[in-house]
Amino acid sequence: MDSNNIPFQTTDWSVIPMTKHQGETGVAHWRTLQFGDLRIRMVEYSKNYKADHWCLKGHIIYCIEGAMTTELSDGRTFLLP
């Protein structure tokens with residue numbers, strides 16, 4: 001990742017196009033910015049959303065509203081209140 005690729009800016013997330021991603025249960029709505037190989041997303045999960053796949057990438061998560069539990073493939077869980 002080359003952090004020099006990211007321009008200084010503020011983001012009005014309401015104008016970033018939203019895409020819908022069906023989970024095993026529920027749905028996720030993504031608004032995505034791409035800077036080279038760095039992807040930054042604002043994601044809204046429906047109640048009881050459960051992903052339909054395991055992701056092997058690293059993630060940084062900032063929970064703005066509500067709470068979420070993340071379960072890793074090895075069974076560990078993390079609550080973001």
Side-chain angles (χ1 to χ4, degrees):
M1 174 182 70
D2 180 7
S3 62
N4 293 321
N5 235 2
I6 305 170
F8 178 84
Q9 67 183 52
T10 59
T11 301
D12 179 353
W13 288 101
S14 69
V15 300
I16 306 297
M18 182 183 285
T19 57
K20 181 179 178 179
H21 301 269
Q22 194 66 44
E24 188 175 302
T25 58
V27 65
H29 291 98
W30 299 1
R31 296 179 191 271
T32 305
L33 295 174
Q34 193 77 39
F35 300 101
D37 62 351
L38 177 64
R39 179 173 63 181
I40 300 172
R41 296 182 304 190
M42 171 77 72
V43 182
E44 296 177 41
Y45 296 107
S46 67
K47 185 175 181 177
N48 298 319
Y49 173 80
K50 183 176 181 182
D52 62 355
H53 65 283
W54 293 104
C55 184
L56 301 178
K57 295 179 182 180
H59 292 76
I60 297 171
I61 300 171
Y62 177 60
C63 187
I64 296 173
E65 183 178 315
M68 71 181 264
T69 301
T70 298
E71 180 182 351
L72 304 184
S73 60
D74 65 8
R76 291 180 294 157
T77 60
F78 298 88
L79 173 64
L80 297 172

Original post:
D74: what forms a salt bridge (Lys or Arg N to Asp or Glu O under 4.0 Å) with it, not counting sequence neighbours?
Top reply: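 Partners of D74 by the salt bridge (Lys or Arg N to Asp or Glu O under 4.0 Å) criterion, ordered by chain and then number, come out as R76.
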
**OP:** Provide the full list of side chain to side chain donor-acceptor pair (under 3.5 Å) pairs with a residue in residues 15-31, sequence neighbours left out, each pair given once.
**Re:**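 Matches after skipping sequence neighbours: T19-H21.
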
Subject >> Of all pairs that satisfy side chain to side chain donor-acceptor pair (under 3.5 Å), the ones with a partner from residues 53-71, not counting sequence neighbours >> reply: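 Output for this query is empty, none listed.
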
Original post:
What's the spacing between I61 CD1 and L80 CG if we round to 0.5 Å?
Top reply: 5.5 Å

Determine the minimum heavy-atom distance between [X] and [Y], stating which atoms define it.
X	Y	answer
L72	F78	CD1-CE1, 3.6 Å
P81	A67	CA-CB, 3.9 Å
Y49	G26	CD1-C, 3.8 Å

Original post:
In terms of hydrophobic clusters joined by side-chain contacts under 4.5 Å, are L33 and M18 together?
Top reply: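 Per the 4.5 Å side-chain linkage, L33 and M18 are not co-clustered.
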
Original post:
Out of curiosity, does I16 fall in the hydrophobic cluster containing I64 (side-chain heavy atoms, cut-off under 4.5 Å, transitive links)?
Top reply: yes

Original post:
Under a 4.5 Å cut-off applied to non-hydrogen side-chain atoms, are V43 and M68 in contact?
Top reply: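 No, their side chains stay 4.5 Å or more apart.
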
